[in-house]
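Scroll down for the structure; my scribbles are underneath it.
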Amino acid sequence: SCGTREMGDAQLHVRHGEGLWACQQYKKAIYPFVAGEAPESLCSKISTTFTKQGDTPLRDQYLTTGVCHFLAIENMRDANKLFTEFKKANKNTDTKMVRFCDQLLQCCRRDATDLFKDLVNSILKELQGWSDKETVYNLLMGPIGQKYFQIPPRVNPMMQMMQQLL
């Protein structure tokens, strides 16, 4: 039983995220912070971990992943909170991925399907160097596209063929 909250005890998720972050498993730590509804804690971890000049791409990568995870579970309030806190806590926020997060949040507030598709296509090159590029892309074209823009999820051609046979 998850208790009174749909995703379980929020503080337990946050503690799990903090433990993973302490073990430098940053990619795995993001979702527990999201499930724990803790955008301030996630922002603090991102901002204090990636402080060097060369860490800006990693910092932006974890911000983007966090925003996408929040949006995927339809928590726009915390996605906006994470983005706002990030802009306050960091100096160099005029980067392509930070602008992408801002534009993504604005698109999700409106019914702007064509703009969303163009926005996702514009960052495909940026995602190529990421170790978790599939996660972000799958979140964008899966739950985010489905929930905010009614874009049907992509179906693997083999799965489509199997469904037709059944």
Side-chain angles (χ1 to χ4, degrees), residues 7 10 13-14 16-18 20-21 24-154:
M7 299 182 82
H13 284 294
V14 173
H16 181 225
E18 288 174 349
L20 288 170
W21 200 274
Q24 296 182 349
Q25 295 184 15
Y26 306 127
K27 285 186 284 188
K28 290 181 182 179
I30 291 174
Y31 186 76
F33 283 110
V34 170
E37 299 177 5
E40 295 93 349
S41 298
L42 178 56
C43 179
S44 173
K45 295 290 184 190
I46 293 170
S47 298
T48 57
T49 303
F50 304 106
T51 56
K52 297 177 187 155
Q53 185 67 23
D55 291 341
T56 303
L58 277 175
R59 179 199 70 179
D60 294 352
Q61 178 180 343
Y62 291 115
L63 167 71
T64 305
T65 306
V67 166
C68 288
H69 275 296
F70 276 119
L71 290 174
I73 63 167
E74 295 184 87
N75 189 343
M76 190 178 284
R77 176 199 68 199
D78 286 343
N80 281 306
K81 184 78 172 166
L82 172 62
F83 183 74
T84 303
E85 293 295 319
F86 180 85
K87 295 239 344 166
K88 287 180 192 173
N90 293 282
K91 292 179 184 174
N92 181 18
T93 58
D94 189 30
T95 63
K96 186 169 185 171
M97 293 315 295
V98 174
R99 285 190 304 271
F100 167 76
C101 289
D102 184 30
Q103 292 168 349
L104 176 63
L105 289 166
Q106 290 179 39
C107 275
C108 288
R109 287 186 207 117
R110 297 166 178 82
D111 185 20
T113 305
D114 292 335
L115 186 58
F116 171 76
K117 289 177 184 176
D118 290 343
L119 190 59
V120 171
N121 288 332
S122 74
I123 60 134
L124 289 178
K125 275 188 179 179
E126 297 291 321
L127 294 178
Q128 293 306 315
W130 291 16
S131 57
D132 62 342
K133 65 184 172 199
E134 281 84 29
T135 302
V136 172
Y137 183 75
N138 290 339
L139 287 171
L140 288 167
M141 296 314 292
I144 295 172
Q146 214 174 357
K147 293 173 183 176
Y148 293 95
F149 306 103
Q150 291 72 46
I151 298 172
R154 287 186 174 196

Query raised in the report: Sub-3.5 Å donor-acceptor pair from the side chain of S122 to the main-chain atoms of L119, do we have one?
Result: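 The answer is yes, because a donor-acceptor pair under 3.5 Å joins these two groups.
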Report task. Taking N90 for its side chain and T93 for its backbone only, find out whether a donor-acceptor pair lies under 3.5 Å. Result ->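 No.
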Report task. Mind listing the closest non-hydrogen atom pair of A72 and L139 along with its distance? Result ->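 Distance-wise, the nearest heavy atoms are CB-CD2, 3.6 Å.
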Query raised in the report: Which heavy atom of S47 sits nearest a heavy atom of A89, and at what distance?
Result: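 For S47 and A89, the tightest heavy-atom pair comes out as OG-CB, 3.6 Å.
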Atom [atom1] in [X], atom [atom2] in [Y]: separation rounded to 0.5 Å?
X    : Y    : atom1 : atom2 : result
N92  : Q53  : CG    : CD    : 6.5 Å
I144 : F149 : CD1   : CZ    : 8.5 Å
Y137 : Q128 : OH    : CD    : 10.5 Å
K117 : I151 : NZ    : CD1   : 5.0 Å
N121 : L140 : CG    : CG    : 10.5 Å
I123 : M97  : CD1   : CE    : 4.5 Å

Heavy-atom side-chain proximity of [X] to [Y] below 4.5 angstrom:
X   : Y    : result
F70 : R77  : no
T95 : F100 : no
L82 : V67  : yes
Y31 : T65  : no
E18 : V14  : yes
N80 : R109 : yes
F83 : V98  : yes
L71 : L105 : yes

Query - Residue pairs involving residues 46-60 (criterion salt bridge (Lys or Arg N to Asp or Glu O under 4.0 Å); sequence neighbours excluded) - result: none
**Report entry** Check against side-chain contact (heavy atoms from CB on, under 4.5 Å), R99 and K96
**Finding:** CA-CA 5 Å; R99 285 190 304 271; K96 186 169 185 171; 4.0 Å; yes
Query raised in the report: Are Y62 and F50 an aromatic pair by the rule of ring centers under 6.0 Å?
Result: yes
**Report entry** Heavy atoms of other groups near K147 NZ, more than 12 under 6.0 Å
**Finding:** yes
Report task. Just do the side-chain contact (heavy atoms from CB on, under 4.5 Å) check on F116 and L104 with the steps written out, would you? Result -> CA-CA 7 Å; F116 171 76; L104 176 63; 3.7 Å; yes
Query raised in the report: In this structure, which one of T64, L58, L63 forms a side chain to side chain contact (heavy atoms under 4.5 Å, CB included) with Q61?
Result: L58
Report summary line: K88 meets the salt bridge (charged side-chain N to carboxylate O under 4.0 Å, His left out) criterion, sequence neighbours left out, with E85
Query - Pair W21, T49: side-chain N/O donor-acceptor within cut-off below 3.5 Å - result: yes
Query raised in the report: So T135 and C68, side-chain contact (heavy atoms from CB on, under 4.5 Å) or not? Walk me through it.
Result: CA-CA 9 Å; T135 302; C68 288; over 6 Å; no
Donor-acceptor contacts under 3.5 Å from residues 39-46 side chains, at least two apart:
none

